[in-house]
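Notes follow once the structure below has been shown.
What you see below is based on every heavy atom in this structure, not just the backbone, and it leaves out hydrogens, waters and symmetry mates.
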Amino acid sequence: MSQRMFPAATGRVPPGAIGHNRGIVRPNYAFMPPEGVLVSRLPQYQATIARILAAPVLGASFAQYVLEIAPGGGTAAPFAEEGIQHFFYGLAGEASFGLAGDAPKPLAAGGFAYLPPGTPFSLRNETAETVRVLALRKRYETAPGLAVPEPILSHQDAVPMTNHTGMEGRGFQFLLPYGDMRFDFEMNLMWFKPGVCFPAVETHVMEHGLYMLEGQGLYLLGEDWHEIWARDFIWMGGYCPQQFYPTGQEDACYLLYKNVNRDIAL
């Protein structure tokens, strides 16, 4: 019987033993490729892998995940959290999404759902293939005179493309109603034609969670450029200098979380 040879026995370091990583974590930003995000499991989801992208331990004021739901998996019963909002976006496959009291509806790739705080929901995979869903949780910030928003279940194809910056080749799809002060965050699809970049390096108070959906490009974070492509994730804290420059031959698109519509807590 042959004996397995370990690196210490051979005196040679096998290829890949010394890590080479595109990922980086800094005090006010993080760049995370998917290969470095390990598996977690959560009690409210059965037969589901959760890859946690952002959390308060990182510095974020929200939590963001990729849920990989196996056939027959998902919530075992309707689930809700007091004071916590939920947002879901379909990445691949077709989930079954239900609000309490309503019949479940499909949540396919490009579909999305917003749930105000304390709203019970179910998220199941009734198909034979693994379903991938991007999920976000954020504590709701109340504001005087403003009611809590209603639930939303829709698809990006039903959301118009806008160009409120006036910059040709740069499009926005506001998945939550733009300018509606009841919402304390936005989830936007950002589209870029090849070669169309930010007109300036942005340095602002808003926090971001960015999930790359299509294409590729270079992203400036602080003083460093990072090459980004599909399934990469970026967390940006407030006042992190940032700019995006698409480098591929096809359109680039990412889903962007941004906190808005609330005054600064002192």
Side-chain angles (χ1 to χ4, degrees), residues 15-40 49-68 87-92 132-138 170-173 175 185-260:
I18 299 176
H20 297 280
N21 179 28
R22 293 189 300 126
I24 189 168
V25 177
R26 292 287 185 263
N28 70 333
Y29 73 83
F31 182 93
M32 288 183 282
E35 59 268 20
V37 181
L38 298 186
V39 169
S40 295
I49 288 173
R51 300 189 185 272
I52 302 174
L53 304 174
V57 69
L58 178 66
S61 61
F62 62 98
Q64 195 159 353
Y65 317 71
V66 171
L67 303 176
E68 301 171 4
F87 183 91
F88 298 95
Y89 178 87
L91 296 173
R132 297 177 61 250
V133 176
L134 193 72
L136 183 138
R137 296 168 56 238
K138 181 186 182 298
R170 186 179 174 195
F172 296 73
Q173 286 180 283
L175 302 187
F185 72 95
E186 293 179 2
M187 292 296 285
N188 304 328
L189 289 173
M190 314 285 286
W191 293 88
F192 296 83
K193 293 294 183 183
V196 177
C197 65
F198 286 11
V201 175
E202 296 183 358
T203 308
H204 54 66
V205 69
M206 282 82 80
E207 180 183 26
H208 288 315
L210 184 157
Y211 189 82
M212 194 73 176
L213 295 171
E214 299 178 22
Q216 65 187 64
L218 295 172
Y219 218 103
L220 176 68
L221 298 168
E223 298 179 349
D224 301 314
W225 287 93
H226 302 267
E227 191 172 11
I228 182 172
W229 52 78
R231 299 196 180 190
D232 288 342
F233 176 79
I234 297 174
W235 167 70
M236 289 169 268
Y239 296 109
C240 174
Q242 57 195 265
Q243 188 176 32
F244 178 63
Y245 184 84
T247 57
Q249 297 181 3
E250 305 294 334
D251 290 358
C253 178
Y254 53 74
L255 179 63
L256 188 71
Y257 159 87
K258 177 168 66 173
N259 58 321
V260 296

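Remark: side-chain polar atoms of R51 are paired, donor with acceptor, to backbone N or O of V37 under 3.5 angstrom. Listed for the Q64 side chain is no donor-acceptor partner under 3.5 Å among the backbone atoms of L53. Side-chain N or O atoms of N188 include none that pairs as donor or acceptor with a backbone N or O of M190 at under 3.5 Å.
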Derivation of the side chain to side chain contact (heavy atoms under 4.5 Å, CB included) call for L67 and L91: CA-CA 10 Å; L67 303 176; L91 296 173; over 6 Å; no
- request: Could you give me the CA-CA distance, side-chain angles and deciding distance for F87 and L175, then say whether side chain to side chain contact (heavy atoms under 4.5 Å, CB included) is met?
  value: CA-CA 10 Å; F87 183 91; L175 302 187; 4.0 Å; yes
message: With side chain to side chain contact (heavy atoms under 4.5 Å, CB included) as the criterion, how do Y219 and M236 come out once you've worked through the C-alpha distance, each side chain's angles and the decisive distance to 0.1 Å?
response: CA-CA 11 Å; Y219 218 103; M236 289 169 268; 3.7 Å; yes
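Under 4.0 Å is where a charged nitrogen must lie from a carboxylate oxygen, and between E227 and R22 no such pair does.
Atom CD of E214 sits about 9.0 Å away from atom CG of L189, to the nearest 0.5 Å. Within the model, atoms CD of E207 and NZ of K258 stand 12.5 Å from one another, a figure rounded to the nearest 0.5 Å. To the nearest 0.5 Å, the span separating CD on Q242 from CG on L210 amounts to 9.0 Å. Between the CE atom in M212 and the SG atom in C253 there is a gap of 8.0 Å [rounded to 0.5 Å]. Atoms CD1 and CE, on I24 and M32 in that order, are 12.0 Å from each other to the nearest 0.5 Å. To the nearest 0.5 Å, atoms CZ (F192) and CZ (R170) are separated by 5.0 Å.
In this structure the side chain of D232 reaches within 4.5 angstrom of the side chain of P34, judged on heavy atoms. Counting heavy atoms from C-beta on, the side chains of H204 and Y239 never come closer than 4.5 Å. Put simply, the side chain of Y29 reaches to within 4.5 Å of the side chain of H226, judged on heavy atoms. Between V66 and F233, every side-chain heavy-atom pair lies at or beyond the 4.5 Å cut-off. Taking 4.5 Å as the limit, some side-chain heavy atom of F185 sits within range of a side-chain heavy atom of L136. Side-chain contact between Y65 and R137 is present, with heavy atoms from C-beta onward closer than 4.5 Å. The side-chain heavy atoms of D251 and P246, taken from C-beta on, include no pair separated by under 4.5 Å. For the pair Y254 and F244, the minimum side-chain heavy-atom distance is below 4.5 Å.
Between Y257 and F62, the distance from one ring center to the other falls under 6.0 angstrom.
Taking all atoms of both residues into account, the shortest heavy-atom contact from S61 to K138 is O-CG, 4.5 Å. Annotation for G248 and P194: closest pair O-CB, 3.5 Å, computed over non-hydrogen atoms. Nearest approach of L58 to A30, heavy atoms of both residues: CD1-CB, 4.0 Å. Residue V201 comes nearest to P241 through the heavy atom pair CG1-CB, 4.0 Å, listed as atom of the first residue, atom of the second, then distance.
With a 6.0 Å radius and a threshold of 12 heavy atoms from other residues, nucleotides or ligands, Y245 has its OH atom at or below the threshold. More than 12 heavy atoms of other shown residues, nucleotides or ligands fall within 6.0 angstrom of atom CD in E35.
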